[in-house]
Amino acid sequence: MRVAVIIPAAGTGRRMHQATPKQYLCLGGRPILAHTLEVFENLPEINEITVVAQTKALEFCQNQIITPFGFKKVLRLVPGGKERQDSVYNAIKALQRQDDYDLIVVHDGVRPFVTPEEVRRVIGAALEHGAAILATPANDTVKKVNHTGRIQKTLNRQDIWLAQTPQAFQAPIIWRAFVEAYGRDFYGTDEASLVEAIGIPVFAIPGSVYNIKVTTPEDLVLAEAILALRQQSRTTTRDRKDQP
Ligand SMILES: Nc1ccn([C@@H]2O[C@H](COP(=O)(O)OP(=O)(O)OP(=O)(O)O)[C@@H](O)[C@H]2O)c(=O)n1
Ligand SMILES: C[C@](O)(CO)[C@H](O)COP(=O)(O)O
């Protein structure tokens with residue numbers, strides 16, 4: 001099985017309100033993007049990684065992240081586009097031949113807390129069904145609100161899930177979805193919406209609320225807390241193993 005991962009990391013991070021794009025901000029002493037890449041670098045199921053970076057950040061990304069952290073599965077680094085979808089499409093085009101791959105997996109460069117087990121579950125579901133994403137069921141009541149702030153409607157939250165990444169697709173499916181999306185100038189905020197638009201079923205695989213997309217300054221505080229929790233958990237597990 002040949003699995004190609006695409007890591008879109010070419011955003012500007014407007015909502016983070018920092019001069020440095022958020023994918024390069026430090027988390028526990030390492031750039032957020034390095035945490036994310038490490039997950040896929042260490043997964044045996046992943047054959048190769050394509051990173052998408054801003055054109056002006058390509059050299060920085062290569063020399064300050066990919067090379068020094070030893071991400072050997074990163075086979076190519078491609079320039080991003082105006083929108084996230086354009087960035088992902090640049091990577092898909094860089095893969096060239098769709099029949100070289102069984103699966104194409106897209107994961108946000110600013111979601112550093114995805115676990116190997118979650119990635120494996122999404123890959124397994126995409127192999128079985130053709131397309132699958134990590135998602136979490138809405139735990140809060142969901143309201144539709146207009147531009148004045150007035151609540152228009154309360155949605156049935158039984159049917160509401162919050163999409164995350166990884167989003168995994170059998171290669172021909174994602175290729176066709178992107179070609180048809182650009183053929184009618186359709187833009188979605190995730191890859192699954194393009195696949196849904198061509199009538200192909202996509203399955204939501206239950207993920208974790210810890211798989212946050214670092215988007216705002218509050219998310220950075222959350223990320224530090226999640227990292228501390230993870231490090232504490234590893235220490236506890238290691239101590240237990242060392243017990244007689
Ligand atoms: N043109 C773009 C826009 C986003 N992304 C990437 O897609 C992921 C999710 O996007 P988002 O969280 O929206 O990042 P930004 O677009 O940078 O954030 P903002 O909308 O606040 O500017 C991030 O890893 C981001 O770097 C990308 O590769 N190319
Ligand atoms: C793909 C995604 O992470 C799924 O929730 C989300 O749509 C990305 O949105 P963004 O505005 O590009 O961060």
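Note: hydrogens, waters and symmetry copies are ignored here, and every other heavy atom, side chains too, is used. Indexing begins at 1, ligand by ligand and atom by atom, following the structure's order.
Contact check for Thr115 versus Ser208: no side-chain heavy atoms found under the 4.5 Å cut-off. At a threshold of 4.5 Å between non-hydrogen side-chain atoms, the residues Asn47 and Tyr101 do not count as touching.
A salt bridge does not link Glu218 with Arg15: none of the charged nitrogens is closer than 4.0 Å to a carboxylate oxygen.
Residue Thr189 places at least one N or O, backbone or side chain, under 3.5 Å from an N or O of ligand 2.
Interface of Asp190 with ligand 2, defined as ligand atoms under 4.0 Å from a residue heavy atom, comprises 1 (C). In summary, the atoms of ligand 2 found under 4.0 Å from a heavy atom of Ala163, numbered by their order in the structure, are 4 (C), 5 (O).
Counting all heavy atoms, side chain and backbone alike, Val195 lies closest to Ala177 at CG2-CB, 3.8 Å. The heavy-atom pair separating Ile46 from Lys73 by the smallest distance is O-NZ, 2.9 Å. Nearest heavy-atom pair, Thr165 versus Asp108, reported as atom, atom and distance to 0.1 Å: OG1-N, 3.0 Å. For the pair Thr36 and Gly109, the tightest heavy-atom approach, listed with the atom from each and the gap, is OG1-O, 2.8 Å.
The number of heavy-atom neighbours closer than 6.0 Å to CD of Glu224, taken from other residues, nucleotides and ligands shown, is above 12. Applying the 6.0 Å contact sphere to CZ of Arg184 captures more than 12 heavy atoms from other residues, nucleotides or ligands.
Between the choices Gln85, Glu191, Lys213, the shortest heavy-atom distance to atom 13 (O) of ligand 2 belongs to Lys213. Counting heavy atoms only, Asp108 comes closest to atom 3 (O) of ligand 2 of the residues Asp108, Ile212, Val110. In this structure, of Gln164, Arg84, Arg15, the residue bringing a heavy atom nearest to atom 11 (O) of ligand 2 is Arg15.
Within the 4.0 Å heavy-atom cutoff, Arg111 counts among the residues contacting ligand 2. Not a single heavy atom of His107 sits closer than 4.0 Å to an atom of ligand 2.
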Can you produce the list of protein nitrogen or oxygen atoms under 3.5 Å from a nitrogen or oxygen of ligand 1, alongside each distance?
unit_1, atom_1, unit_2, atom_2, d
ligand 1, 1 (N), Gly81, O, 3.0
ligand 1, 1 (N), Lys82, O, 3.2
ligand 1, 1 (N), Glu83, O, 3.3
ligand 1, 1 (N), Arg84, N, 3.4
ligand 1, 12 (O), Lys22, NZ, 2.8
ligand 1, 12 (O), Lys213, NZ, 3.2
ligand 1, 13 (O), Arg15, NH2, 2.7
ligand 1, 14 (O), Lys22, NZ, 3.2
ligand 1, 17 (O), Thr12, N, 3.1
ligand 1, 17 (O), Gly13, N, 2.7
ligand 1, 18 (O), Lys22, NZ, 3.4
ligand 1, 20 (O), Arg14, NH2, 3.2
ligand 1, 20 (O), Arg15, NE, 3.2
ligand 1, 20 (O), Arg15, NH2, 2.8
ligand 1, 21 (O), Arg14, N, 3.3
ligand 1, 21 (O), Arg15, N, 2.8
ligand 1, 21 (O), Arg15, NE, 2.8
ligand 1, 22 (O), Gly13, N, 3.3
ligand 1, 22 (O), Arg14, N, 2.7
ligand 1, 22 (O), Arg14, NH1, 3.2
ligand 1, 24 (O), Pro8, O, 2.8
ligand 1, 24 (O), Gly109, N, 3.3
ligand 1, 26 (O), Ala10, N, 3.3
ligand 1, 26 (O), Gly11, N, 2.9
ligand 1, 28 (O), Ala9, N, 3.3
ligand 1, 28 (O), Ala10, N, 2.8
ligand 1, 29 (N), Ser87, OG, 2.7

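Between Tyr210 and Phe113, the distance from one ring center to the other does not fall under 6.0 angstrom.
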